[in-house]
Amino acid sequence: ATIRLLVLLLWFPATAHAQGTACPPEMAWLDDFCVDRWEAHLQGQSPYEVPTSGIAASAAGVVPQGYISGDVAGDACAQAGKRLCTDTEWLRACRGRLDHAYPYGDAYVSGACNDTRAVHPVIEVFGPDATWSGEELNDPALNQLPDSLDTTGANAQCVTPEGVYDLHGVMKEWVGLTAPDALVKGGSYFSGDSARCAYNRDDIAPGTDESTEARRAGTECRDREWP
């Protein structure tokens with residue numbers, strides 16, 4: 001699964017918990033926790049290669065990490081002092097305070113998010129006789145095609161009222177604290193209107209790292225010390 005690494009990182013320091021407003025500048029406050037405004041990358045690593053470890057980070061204007069498994073995504077959160085979001089936490093981030101169907105509202109807007117690519121990248125790169133092997137699914141060319149990945153925050157309309165970007169489209173995101181709870185959410189750059197906030201896939205093994213539609217997942221993290 002690719003990560004959204006997109007890593008949306010949730011952070012729960014004691015000061016934020018007590019004050020309600022102490023999020024770092026790259027994070028947004030949501031009721032009782034902080035969440036990264038932008039999809040994550042891995043520090044010092046190519047977003048087009050399969051990572052085996054790393055440290056998650058979030059910033060505007062960078063290419064989010066792809067080709068990452070749920071296991072590695074969870075570890076990248078841990079290395080940053082955080083953990084993956086639960087499904088409930090991710091839904092709160094996506095739906096916003098007004099509980100919208102999409103991050104920006106209840107009605108789908110074509111082009112608001114990066115979700116309108118017409119051709120699967122595997123078909124574009126390898127043609128109709130593609131084998132869909134792990135080698136093909138992890139090919140670095142997939143997420144470098146035109147109309148594939150955007151840099152973080154490039155879609156100005158694809159934002160929640162609290163200022164969290166790209167929870168719909170770009171790449172699907174890993175959520176879930178343990179393997180039985182692992183899901184991918186958020187849709188990819190060719191999901192269209194199907195990938196509303198309520199979308200999820202629960203049949204993707206956390207050890208999967210192929211860069212396919214169902215595996216173009218990102219990572220949501222939160223601080224490990226808070227429940």
Side-chain angles (χ1 to χ4, degrees), residues 1-11 23-28 34-51 54-68 72-73 76-77 80 82 85 90 93-94 96 102-104 109-122 124-125 138-175 184-192 195 197 209 211-213 215-221:
T2 315
I3 53 181
R4 182 197 221 198
L5 273 189
L6 267 187
V7 180
L8 294 181
L9 304 178
L10 295 176
W11 187 64
C23 298
E26 75 277 9
M27 306 183 90
C34 301
V35 62
D36 273 358
R37 297 181 185 276
W38 302 285
E39 303 163 342
H41 59 281
L42 296 185
Q43 295 179 20
Q45 298 197 45
S46 169
Y48 307 116
E49 302 289 342
V50 177
I55 301 173
S58 179
V62 301
V63 177
Q65 177 67 47
Y67 309 87
I68 192 170
V72 175
C77 289
K82 298 157 185 173
C85 291
W90 192 96
C94 187
Y102 298 92
Y104 48 78
V109 178
S110 179
C113 299
N114 180 2
D115 64 359
T116 57
R117 193 173 210 281
V119 180
H120 195 292
V122 170
E124 182 164 338
V125 173
N138 282 325
D139 193 288
L142 300 183
N143 283 348
Q144 298 183 70
L145 294 170
D147 300 320
S148 59
L149 290 189
D150 290 327
T151 56
T152 51
N155 302 283
Q157 291 182 272
C158 195
V159 62
T160 68
E162 293 89 350
V164 182
Y165 287 83
D166 296 323
L167 286 158
H168 173 94
V170 187
M171 291 186 289
K172 295 177 184 171
E173 304 172 28
W174 284 108
V175 302
V184 289
K185 300 183 70 70
S188 70
Y189 50 72
F190 45 94
S191 292
C197 292
D209 53 25
S211 179
T212 68
E213 176 180 10
R215 297 166 175 79
R216 208 167 304 281
T219 306
E220 303 277 352
C221 312

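Since this is a predicted model, take the numbers as computed values, not measurements.
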- [ ] For side chain to side chain contact (heavy atoms under 4.5 Å, CB included), just list the numbers for C113 and Y104, CA-CA rounded to whole Å, side-chain angles, deciding distance to a tenth of an Å, and then say yes or no.
- [x] CA-CA 9 Å; C113 299; Y104 48 78; 3.7 Å; yes

I need the minimum non-hydrogen distance between [X] and [Y], along with the two atoms involved.
| X | Y | value |
| --- | --- | --- |
| Y189 | L142 | OH-O, 3.5 Å |
| P161 | G96 | CD-CA, 4.5 Å |
| A93 | V35 | CB-CG2, 4.5 Å |
| L42 | A76 | CD2-CB, 3.7 Å |
| V125 | A141 | CG2-CB, 4.4 Å |
| E49 | Y67 | O-CB, 3.9 Å |

Can you find a pair of side-chain heavy atoms, one from [X] and one from [Y], that are under 4.5 Å apart?
| X | Y | value |
| --- | --- | --- |
| T116 | S110 | yes |
| W90 | K185 | yes |
| Q45 | P51 | yes |
| D139 | Y48 | no |
| P121 | F190 | yes |

TODO: With side chain to side chain contact (heavy atoms under 4.5 Å, CB included) as the test, would you mind laying out the steps for H168 and D115 before giving the verdict?
DONE: CA-CA 8 Å; H168 173 94; D115 64 359; 2.6 Å; yes

Open item on the list: For N114 and D150, which I'm curious about, is there any donor-acceptor pair between the side chains at under 3.5 Å?
Closed with: yes

TODO: Look at the rings of W38 and Y165 and say which category their plane angle falls in: under 30° parallel, 30 to 60° tilted, over 60° perpendicular.
DONE: parallel

- [ ] Check the pair V159, V164 against side chain to side chain contact (heavy atoms under 4.5 Å, CB included), reporting the backbone distance first and the verdict last.
- [x] CA-CA 5 Å; V159 62; V164 182; 5.7 Å; no

Do side-chain atoms of [X] reach the backbone of [Y] as a donor and acceptor pair under 3.5 angstrom?
| X | Y | result |
| --- | --- | --- |
| T151 | G61 | no |
| R117 | D147 | yes |
| Q144 | P140 | yes |

- [ ] Any chance you could lay out the side chain to side chain contact (heavy atoms under 4.5 Å, CB included) test for H41 and V63, step after step, and finish with the verdict?
- [x] CA-CA 7 Å; H41 59 281; V63 177; over 6 Å; no

